[in-house]
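Data block below; observations after.
Order of the sequence lines sets the chain letters (A, B, ...), proteins ahead of strands, with each chain counted from 1.
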Number of protein chains: 2
Amino acid sequence: MTHTTLGDVARTAGVSLATASRVLNGSTTVRADLREKVMAAAEALAYRPNAHAQALARASSQVVGLICHDVSDPYFAAVARGAMRVAADHDLMVMLASTFRDPDREIAYVSTLRAQRARAILLAGSAFQDPAWERALDAELTPYQEAGGRVAVLSRHRARADAVLPDNRGGAASLARALLGLGHRDFAVLAGPPALTTVADRVRGFREALAEAGVRPAPDRVVTGDLTRDGGHAAARELLSRGPLPTCVFAVADVMAIGALTAFREAGLRVPEDVSLAGFDDIPVVADLTPPLTTVTLPLEDLGERLMTLALAPAPRRRHHRVPAEVTLRASTAPPRPA
Amino acid sequence: MTHTTLGDVARTAGVSLATASRVLNGSTTVRADLREKVMAAAEALAYRPNAHAQALARASSQVVGLICHDVSDPYFAAVARGAMRVAADHDLMVMLASTFRDPDREIAYVSTLRAQRARAILLAGSAFQDPAWERALDAELTPYQEAGGRVAVLSRHRARADAVLPDNRGGAASLARALLGLGHRDFAVLAGPPALTTVADRVRGFREALAEAGVRPAPDRVVTGDLTRDGGHAAARELLSRGPLPTCVFAVADVMAIGALTAFREAGLRVPEDVSLAGFDDIPVVADLTPPLTTVTLPLEDLGERLMTLALAPAPRRRHHRVPAEVTLRASTAPPRPA
DNA sequence: GTACGCCGGGAAAGCGCTTTCTGAGAGCGC
DNA sequence: GCGCTCTCAGAAAGCGCTTTCCCGGCGTAC
């Protein structure tokens with residue numbers, strides 16, 4: 001990797017290194033003819049400044065880190081899109097990392113981004129309920145912040161970090177109430193890994209709202225699976241194998257609902273005639289399913305934009321954006337069939 | 001951004017900078033007690049080496065760049081996932097950039113990645129048919145490669161660059177033949193921007209195979225739209241407005257097919273009874289649609305893995321991976337209704 | 001015509017590392 | 001016991017930039 005350097009440019013332009021640097025950085029105190037020469041030389045040599053050297057000299061880099069669970073999950077894809085748009089507006093590059101829901105990998109990535117002296121680190125994936133992990137993560141984040149690094153988190157809490165907080169609990173509760181309103185009393189939940197706080201919040205909100213109405217799903221009606229299409233598919237099959245179907249199934253994430261929908265279809269069940277199905281997130285494709293999926297809508301791209309915006313606009317004190325989650329009723333839910 | 005430096009570590013460990021560096025880089029020629037002290041100091045100070053300084057001193061960085069059209073497009077999301085997995089195996093970070101199909105932005109990103117001294121630049125989005133753009137891109141890529149940078153491209157050609165080449169043309173042709181085999185003679189095509197080579201290849205392959213069978217879709221049966229769900233939706237509506245529906249519609253990308261499917265449903269048409277619909281790519285969700293979508297399957301994650309692998313394993317000469325594209329018949333296509 | 005102040009460009013230091021070079025001390029053979 | 005080699009740590013140079021400092025030359029004021 002032996003690229004053209006500023007020295008090369010300066011030499012062919014016949015000026016000093018300092019002058020070349022000044023020109024390329026838009027200083028106005030350089031005589032026009034010299035400026036021309038430098039520009040011409042840079043152009044001719046296809047010169048690009050070494051970002052590492054710049055970062056070192058300026059003690060600041062042009063990169064921000066974005067850590068999510070899985071880029072290919074439509075939820076994170078949308079969040080990343082929003083975040084990257086804002087980054088692009090600020091001429092920043094984003095380093096994207098997928099943890100695949102491995103807590104250790106998240107810490108490792110934070111560490112790497114710390115080494116990269118990233119301007120900001122965005123944690124977009126929900127947290128894990130694990131004190132040891134929390135401590136280890138803090139051990140990376142705290143020195144980073146003390147050195148001036150910015151941290152912004154999505155769907156999780158951290159002292160001294162700005163946060164974008166979609167209302168997982170409230171959204172799930174609203175959904176439950178809407179479903180109760182349709183007449184359902186017999187529910188099942190397809191849950192993701194309980195260690196994920198997002199999952200826990202959604203299950204909790206859903207349960208609480210049911211409890212208010214005096215409804216309590218039996219323990220075997222809460223099935224846990226991966227937070228993926230296949231996880232939802234497997235969880236739905238598991239549910240089917242456990243006996244009589246409830247009238248309504250809530251999948252804690254749309255991706256799981258998609259898998260469940262197919263599992264139901266494969267089992268010869270019609271949605272919503274035989275069973276109502278609802279998801280969470282409102283990822284782009286679910287409105288195009290047959291039937292279109294009832295879900296809780298989150299402004300996904302907006303979440304990413306806010307996250308990045310928070311991270312890039314330092315504020316004296318910690319800020320929270322609470323983002324409402326609204327129920328979107330579609331055709332996948334209907335009143336239960338009279339028994 | 002004032003982080004702990006190697007100097008701090010060396011000082012608190014009571015050794016020289018050189019020794020501290022040696023320890024942290026795993027040199028074996030350091031006495032055990034000194035090694036201990038350095039490790040302890042690094043640990044205590046939560047030290048993380050400055051990647052920029054390392055990159056500068058070692059003249060090599062730990063980042064690779066991946067440029068695609070849109071991360072939130074399931075096609076690229078899957079490709080990115082594959083590529084990032086391989087990168088993670090090599091302890092590399094990936095800088096991800098979305099061009100949103102703006103040719104200039106692609107060039108700008110290449111330029112930025114050049115400045116970042118990225119180990120490799122992967123161009124995952126299809127090319128634009130535009131000689132001026134091609135030249136401008138070359139002006140960035142050539143000096144990069146001459147300086148030792150690696151370039152790998154997906155679905156496009158470039159002299160001196162390794163390439164992963166899914167068989168867009170052949171896949172579309174096979175699909176056309178399968179559709180002809182079902183008895184269709186009356187086709188429409190929902191095409192993306194014709195400036196994109198991938199789109200052009202797919203349309204061409206499809207047409208050629210039809211031509212072999214003596215079938216030629218009328219010009220007004222080729223509708224152009226954005227390569228997105230909404231683009232497909234709009235294109236399908238446009239098609240419907242142009243008069244009698246063909247018996248079979250080919251969308252050049254699954255995302256467009258998804259939009260078309262909904263447009264058809266909204267128009268009261270049943271797929272495949274009233275019209276057969278086929279896509280291209282086999283993005284994860286299309287098998288879960290109702291009806292499941294007939295499409296041309298590409299091993300998306302594998303594409304990304306190969307792309308990254310090619311880029312990271314320098315070879316004396318240019319390599320091409322041709323990737324076959326196989327027709328996957330699902331329920332969205334059926335023989336046409338007898339007229 | 002002289003003194004002063006500005007303007008603009010060059011020299012050089014320094015960012016945080018790696019790595020070569022150098023040299024001090026220990027261990028060995030004779 | 002002397003000189004040799006070998007081991008291992010420190011000094012210092014250098015990676016490619018930015019930026020401060022400095023100095024020469026010019027314009028202005030008197």
Side-chain angles (χ1 to χ4, degrees), chain A residues 1-39 41-42 45-63 112 114-118 143 147-149, chain B residues 1-39 41-42 45-63 112 114-118 143 147-149:
Chain A
M1 286 293 221
T2 181
H3 294 258
T4 320
T5 73
L6 226 209
D8 299 331
V9 173
R11 198 169 332 109
T12 80
V15 301
S16 78
L17 234 140
T19 301
S21 173
R22 278 191 272 256
V23 171
L24 266 6
N25 287 300
S27 157
T28 53
T29 69
V30 179
R31 224 171 40 206
D33 58 325
L34 294 190
R35 162 182 305 282
E36 293 282 292
K37 278 204 232 168
V38 171
M39 296 299 248
L45 298 176
Y47 171 72
R48 292 266 50 206
N50 183 322
H52 297 297
Q54 285 186 315
L56 200 55
R58 292 183 179 150
S60 90
S61 82
Q62 292 289 90
V63 353
T112 302
R114 203 144 82 76
Q116 294 288 342
R117 299 301 188 260
Chain B
M1 285 293 221
T2 181
H3 294 259
T4 318
T5 71
L6 226 208
D8 298 331
V9 173
R11 196 170 333 107
T12 82
V15 302
S16 78
L17 234 136
T19 300
S21 173
R22 278 190 274 257
V23 170
L24 266 6
N25 287 299
S27 158
T28 54
T29 70
V30 179
R31 224 170 41 205
D33 58 324
L34 294 188
R35 161 182 306 281
E36 294 284 291
K37 278 203 234 169
V38 172
M39 295 300 248
L45 298 176
Y47 171 72
R48 290 266 53 205
N50 183 322
H52 298 296
Q54 287 187 314
L56 201 55
R58 292 183 178 149
S60 89
S61 82
Q62 291 289 90
V63 354
T112 302
R114 202 144 83 76
Q116 294 288 343
R117 301 299 188 260

Earlier contact from the 5' end, DNA chain D, for B/Asp33 and B/Ala57: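 This one resolves to B/Asp33.
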Nearest-Å distance, [atom1] ([X]) to [atom2] ([N])?
X        : N      : atom1 : atom2 : result
A/Arg35  : C/dC7  : CZ    : C1'   : 15 Å
A/Leu6   : D/dT19 : CG    : P     : 12 Å
A/Asp8   : D/dG16 : CG    : P     : 9 Å
B/Leu24  : C/dC17 : CG    : C1'   : 11 Å
B/Asn25  : C/dT20 : CG    : C1'   : 15 Å
B/His52  : C/dT18 : NE2   : C1'   : 17 Å
A/Arg117 : C/dC17 : CZ    : P     : 6 Å
B/Gln116 : D/dG16 : CD    : P     : 16 Å

Minimal non-hydrogen separation, B/Ala20 against B/Leu6, with atom names: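 For B/Ala20 versus B/Leu6, the nearest heavy atoms are CB-CD2, 3.4 Å.
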Of all heavy-atom pairs between B/Leu45 and B/Thr4, which one has the smallest distance, and what is that distance?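 That closest heavy-atom pairing would be O-OG1, 3.5 Å.
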Proximity to the side chain of [X] - top-ranked nucleotide from [options]:
X       : options                : value
A/Asn50 : D/dG16, C/dG16, C/dT18 : D/dG16
B/Leu56 : D/dG16, C/dG9, C/dT18  : D/dG16
A/Arg58 : D/dT18, C/dT18, C/dT20 : D/dT18
A/Ala18 : D/dT18, C/dA12, C/dC17 : C/dA12
A/Pro49 : C/dG16, D/dC17, C/dT20 : D/dC17
B/Arg22 : D/dG10, C/dA11, C/dT18 : D/dG10

OP1 or OP2 of [N] sitting under 4.0 Å from any side-chain N/O of [X]?
X       : N      : answer
B/Thr19 : D/dG10 : yes
A/Gln54 : D/dG16 : no
B/Thr5  : C/dG16 : no
A/Tyr47 : D/dG16 : no
A/Arg31 : C/dG8  : no

Determine the contact category for A/Leu17: base if any of its heavy atoms lies under 4.0 Å from a base atom, sugar-phosphate if only primed atoms, P, OP1 or OP2 are that close, otherwise nothing.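 Base contact.
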Could you tell me whether B/Ser21 contacts a base, only the sugar-phosphate backbone, or nothing, with contacts defined as non-hydrogen atoms closer than 4.0 Å?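 Counting heavy atoms under 4.0 Å across all strands, the contact made by B/Ser21 includes a base.
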Let me confirm one number: the OH-CZ distance from B/Tyr47 to A/Arg114, rounded to the nearest 0.5 Å.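 The CZ atom of A/Arg114 is 10.5 Å from OH of B/Tyr47, to the nearest 0.5 Å.
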If we ignore hydrogens and angles and just use 3.5 Å, is the side chain of [X] paired with the main-chain N or O of [Y] as donor and acceptor?
X       : Y        : value
B/Ser61 : B/Ala55  : no
A/Asp8  : A/Thr5   : yes
A/His52 : B/Arg117 : no

